[in-house]
Amino acid sequence: MLGRSFRLGTFAGIPLKLHWTFGLTFLFVLFIGLKYKRDYSEIGVIFLLLIVMFFCVILHEYGHALMAKRFKVKTIDIILSPIGGLARLEKLPSKPIHEFYIAVAGPLVNGFISILLASILYLASKPIFLNFNGDLNQVDNWGAYLSLILGMNLILFIFNLVPAFPMDGGRILRSLLSIKLGKKKSTFISSFIGYLFAIAFILFGIFSGRYILAIIGVFVIIMARGEMSSARQEDFLFNNYINRPDLLNKLEFRETSLMQELIDCYLAKKGNNFMIFSDDEKLVGIVKEAEVKQAIKDNKFNAPAIEYMSFTYATSNMSNLQTALVSMNQEKIDFIVFIDDEGKPSIIEEYRIIEKMMTL
Ligand code: ZN
């Protein structure tokens, strides 16, 4: 989601933000209302219903966020836009069952509101379901309002349980499958089911003239693709280690090597950082990317590498790529020197891991 959003406040430690396009919803209603010559009181009713509906969406998102908090997963913020709300979690919970609880908590909030409203209407002997035909004159008493809000919450409840990404149902299905099948396979299966739903949405939307469903279908396909590639990337990072030969930069230079040789390798994209060895094959230092760039800027092609060498760098033994990326991020560095079992060093660079990930 791009662009500015405005902070409404912080509730339960989670910032609630409005995306700027949110205002468009109200302008759109006003525009349609005036075009069809509705009077202001009718437009006011729609505004009120919209606000209540978005309030229910906020409660839905807080359902996810507060459940995530129980499993020690922080929510960065909740952003409200015309297409709905989004609770941005800092990370995915590691246990599938936790993902299940977090995903199911949102729709359950709307289910709970529906039951609550139905009970109130029942106790007040008001009709629970309004046979709403779009005529706002029908909404002339509090019972009718509650009944409309009940209907909106039921739609939110059912729609979010459709087992397709980005709906919560997609996550619920994935987390349940993950318990037995692991995350990658489950994501593929639930994305595939998501595709089937999306295609059904699109076809039904086109043939019935409900184009909004067709648009949702296209949206679902895009989201399912995103989920699949992020599952592939996650799988790659967790199941590959920093000794992967195609990721390692094993180039060796001497203290007397000229910067020209390093610059050639740099420009040929063979690496960004270079190891310098002594004559008895010991790693003595690294010429880092910033220093290579400096040498290019200074026109020092004939300077010996030792002049641009630095001595501080992080070393690591075996770890998976995920751990390597996290530690690079924490230390604000873009490479690690990997020492293999025989004590032989090579360089693993952040950009190579990311380049590889992008091809997945
Ligand atoms: Zn949700």
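Both ligands and their constituent atoms are indexed starting at 1 by order of listing.
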Does [X] use its side chain to pair, donor to acceptor, with the backbone of [Y] at less than 3.5 Å?
X: E61; Y: I58; answer: no
X: D77; Y: I79; answer: no
X: E349; Y: N272; answer: yes
X: S310; Y: I286; answer: yes

- Could you give me a count of protein N/O/S atoms that are under 2.8 Å from the Zn ion (ligand 1)?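 Excluding waters, the total comes to 4.
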
Worksheet item: Linking Ile, Leu, Val, Met, Phe, Trp and Tyr by side-chain heavy atoms under 4.5 Å, what else ends up with I199?
Response: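 Under the 4.5 Å side-chain rule, I199 groups with L203, F207.
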
Next item on the list: On the 0 to 90° scale, with breaks at 30° and 60°, tag the Y62-F11 ring pair as parallel, tilted or perpendicular.
Entry: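 Taking F11 first and then Y62, their aromatic rings stand perpendicular (interplane angle over 60°).
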
